[in-house]
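What follows is one structure encoded as structure tokens, with my remarks underneath.
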Amino acid sequence: MRKLIIASAAIALAGSLAACGESAADKSAEMQADALEEQAAAAPTEAQETALNAEADRIEQQAGNADGGMTTENTPDTSPSTPAQ
């Protein structure tokens, strides 16, 4: 439960920082995703781990598309053909 509260707060922070500019939003999203991935690694169940990793991927994907697709520099590779890490 505590992990979900932390994740929710991190998501809210990213939303507020998104208005400050792309670089701040990218940095915030990366920090959030990293925190979620750390929480996923320590999750007591596989279902929680999967959910936290999915949320981290969603945040990274949104940050990668923050510029409206004008660049591919910051877009994470989420294609199904990419092997899981």
Side-chain angles (χ1 to χ4, degrees):
M1 182 67 157
R2 181 176 147 199
K3 291 177 185 179
L4 293 177
I5 292 170
I6 292 170
S8 297
I11 292 168
L13 176 63
S16 65
L17 290 177
C20 296
E22 184 180 342
S23 62
D26 285 343
K27 216 177 255 190
S28 174
E30 183 64 31
M31 289 173 46
Q32 285 180 351
D34 289 346
L36 287 170
E37 288 169 351
E38 287 178 21
Q39 291 173 13
T45 68
E46 190 171 331
Q48 288 174 331
E49 180 180 1
T50 300
L52 289 166
N53 279 324
E55 183 64 15
D57 290 344
R58 185 189 66 77
I59 289 170
E60 288 175 335
Q61 184 64 43
Q62 283 182 336
N65 291 326
D67 60 4
M70 297 299 290
T71 66
T72 57
E73 179 178 311
N74 62 350
T75 304
D77 184 4
T78 58
S79 68
S81 61
T82 303
Q85 295 180 8

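For the single chain, residues carry numbers from 1 onward in sequence order.
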With rounding to the nearest 0.5 angstrom, report the CD to CG distance, Glu38 to Leu52. 11.5 Å

Do you know the tightest heavy-atom contact between Ala43 and Gln48? CB-CB, 3.9 Å

Any idea which heavy atoms bring Ile59 and Ala29 closest together, and the distance? CG2-O, 3.5 Å

So, using side-chain contact (heavy atoms from CB on, under 4.5 Å) as the criterion, who are the partners of Glu30 when residues are at least two apart? Asp34, Glu60

Ala56: what forms a side-chain contact (heavy atoms from CB on, under 4.5 Å) with it, not counting sequence neighbours? Ala33, Leu36, Glu37

